[in-house]
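Numbering starts at 1 and runs along the sequence shown. All ligand and atom numbering here is 1-based and tracks the order in the structure.
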Amino acid sequence: MAKFLVQKSDPLCGTVDISGAKNAVLPLMAAAMLADGECIINDVPALRDVDVMKGILESLGVKTEEMGPSVLKIQAEEISTNEADYNLVKRMRASFLVMGPLLARTGRAKVHMPGGCSIGSRPIDLHLKGFRALGAEVISADTYAEAIAPEGGLVGAEIYLDFPSVGATENIITAAVLAKGSTVLENAAQEPEIVDLANFLNKMGARVRGAGTDTIKIEGVERLHGCEHTVIPDRIEAGTFMLAAAITRGNILIRNVLPDHIKPITAKLRECGVVIQMEDEGMRVIGDQKELVSTDIKTMPYPGFPTDIQSPFMAFLTTVQGPSTVIETVFENRFMHVAELNRMGANITTDGNKAMIPGGSTLEGAQVIATDLRAGAAMVLAGLYAEGTTEISEIYHIERGYERFVEKFRALGANIMKVNN
Ligand code: UD1
């Protein structure tokens with residue numbers, strides 16, 4: 001199994017270009033199934049999750065073609081089956097995002113229960129609640145979910161989400177765009193990836209209003225056509241490199257980042273004493289201040305502090321002066337990295353969804369596991385700071401969601417290499 005070997009590194013310096021967002025491109029690819037013409041998507045990152053989504057689309061009879069680096073053509077003139085391939089679906093939770101478009105386009109969708117990172121039970125009840133509200137008959141079994149539209153198709157409805165789930169918001173929007181009449185989705189997720197999806201759908205001829213707020217209105221249309229769209233930059237990748245500058249006390253210029261999307265990360269890093277400034281070319285993050293200090297973090301749905309940056313931020317907090325607390329409110333089981341950071345000497349304690357980080361730790365390299373995608377990034381960051389060598393296993397998690405990870409880190413001076421053994 002491949003591993004990363006990470007060694008204490010000098011302050012990271014240089015320029016990094018952020019790729020298209022994983023969490024935006026996956027719903028866009030699924031939504032391309034709604035068009036009867038060609039969709040061209042630009043800035044598609046080369047990621048395992050993207051390959052899995054391509055495979056799922058192809059297994060449904062949709063044609064995908066790489067038109068060049070980062071450019072993907074999706075042609076869904078014909079859809080040959082209503083059932084997504086189990087072997088692919090089990091590899092990634094976002095596979096479930098094909099359910100809304102498949103139901104809208106063909107009137108029937110069957111998807112096996114998805115896999116992905118094990119950061120909590122991650123139910124799909126809110127997705128199914130939305131499909132039911134739109135008139136679908138929904139069968140929810142242990143291993144799969146199936147939705148069948150009524151004769152005459154889905155019908156717009158008023159839907160309230162008990163929690164602003166990102167995936168449920170996306171699945172309900174993509175199911176509702178071809179429904180008869182209007183849908184109002186309340187307590188919707190407000191993440192930038194939802195706005196990107198709405199923009200993409202509107203280019204295809206959909207009528208989606210209010211994305212980016214908690215109330216989204218969708219007027220159903222009869223058909224959608226192809227379009228061309230460029231994926232937004234990955235705010236979580238940007239946050240990871242901001243933390244790389246902070247933890248190594250380095251100085252990194254981050255290009256292709258939208259500052260509005262990363263406000264909570266910027267604000268919290270500034271509280272710790274990290275200098276962040278906008279330049280013509282991008283955002284400069286300077287962590288080489290004399291003493292960086294602690295802060296407290298509470299994850300929330302957007303525009304709150306992103307749960308996906310919780311573990312990388314925690315790795316950084318182990319290195320600053322003074323104690324910090326981290327409260328995780330989005331996922332129930334997202335502290336698996338705590339045990340790994342403790343192997344390196346972080347001395348973090350937890351009480352339910354609250355972690356207490358004493359700070360000021362001199363981390364020591366150790367053998368650790370990338371317990372999920374973002375926890376894997378956190379271990380790399382900790383490894384750059386720690387004395388000696390950190391050996392990180394199960395790195396396939398990291399490769400699911402970061403494009404050219406090792407290459408980008410090495411270009412900034414990081415001591416990281418991938419070994420196969
Ligand atoms: C998406 C992101 C993921 C991010 C998460 C939260 C993608 C591909 N993934 O995941 O990186 O960490 O948003 O920002 O975009 N829930 C329910 N019932 C449901 C659906 C969700 O109870 O039907 C709960 C989940 O268990 C979790 C919370 O809602 O506790 C948030 O999940 P959700 O926003 O749906 O996350 P994902 O869309 O899976």
Worksheet item: For N171 and H127, does a side-chain donor sit closer than 3.5 Å to a side-chain acceptor?
Response: yes
Practice prompt. Pull out every atom of ligand 1 sitting under 4.0 Å from any heavy atom of R334, numbered as shown with elements.
Written response: 12 (O)
Fill in: Heteroatom distance test (V166, ligand 1): nitrogen or oxygen, under 3.5 angstrom
yes
Fill in: Distance-only N or O hit between ligand 1 and D308, under 3.5 Å
yes
Worksheet entry | Side-chain ion pair, D17 and K408, N-O less than 4.0 Å | no
Item to complete: Would you mind listing which atoms of ligand 1 come within a distance below 4.0 Å of any non-hydrogen atom of F163?
Response: 28 (C), 29 (O), 31 (C)
Discussion item. Tell me whether E328 reaches ligand 1 (any heavy atom closer than 4.0 angstrom to a ligand atom).
Written reply: no
Fill in: Atoms in ligand 1 with a heavy atom of G167 nearer than 4.0 Å
35 (O), 38 (O)
Worksheet item: Ring centroid separation for F316 and Y385, is it under 6.0 angstrom?
Response: no
Worksheet entry | N-O pairing of D234 and K22 below 4.0 Å | no
Worksheet item: Quick one: which ligand 1 atoms are inside 4.0 Å of a heavy atom on V330?
Response: 27 (C), 28 (C), 30 (O), 31 (C)
Worksheet entry | Which of the ligand 1 atoms, numbered from 1, are nearer than 4.0 Å to a heavy atom of T307 | 6 (C), 12 (O), 14 (O)
Discussion item. Taking distance alone, with N or O pairs closer than 3.5 Å, would you say K22 contacts ligand 1?
Written reply: no
Fill in: Y396 six-ring centre to R91 NZ/CZ under 6.0 Å and within 45° of normal
no
Discussion item. Just so I know, are the side chains of R105 and M33 near enough to count as touching, which here means a heavy-atom distance under 4.5 Å?
Written reply: no
Worksheet, complete the sentence: Note: ligand 1 atoms sitting under 4.0 Å from heavy atoms of I124 are 19 (C), 23 (O)
Worksheet item: Hey, is ligand 1 close enough to L97 that some N/O pair sits below 3.5 Å?
Response: no
Worksheet item: Which ligand 1 atoms does F331 reach within 4.0 Å, using its non-hydrogen atoms?
Response: 5 (C), 6 (C), 12 (O), 27 (C), 30 (O), 32 (O), 36 (O)
Fill in: Aromatic ring pairing Y302/H261, orientation class (parallel under 30°, perpendicular over 60°, tilted between)
perpendicular
Worksheet, complete the sentence: Residue set satisfying ring pair (Phe, Tyr, Trp, His ring centres under 6.0 Å) with F305, at least two apart, ordered chain then number -> F313
Worksheet item: Any Lys/Arg nitrogen of R255 or E281 sitting under 4.0 Å from an Asp/Glu carboxylate oxygen of the other?
Response: yes
Discussion item. Counting only heavy atoms, tell me which of P301, A168, P123 gets closest to atom 20 (C) of ligand 1.
Written reply: P123
Worksheet, complete the sentence: Numbered in order shown, the ligand 1 atoms found under 4.0 Å of a heavy atom of R93 are 39 (O)
Worksheet item: Quick one: does NZ or CZ of K110 land under 6.0 Å from the six-membered ring centre of Y144, within 45 degrees of the ring axis?
Response: yes
Practice prompt. Could you name the option among D49, D125, T329 that has the heavy atom nearest to atom 18 (N) of ligand 1?
Written response: D125
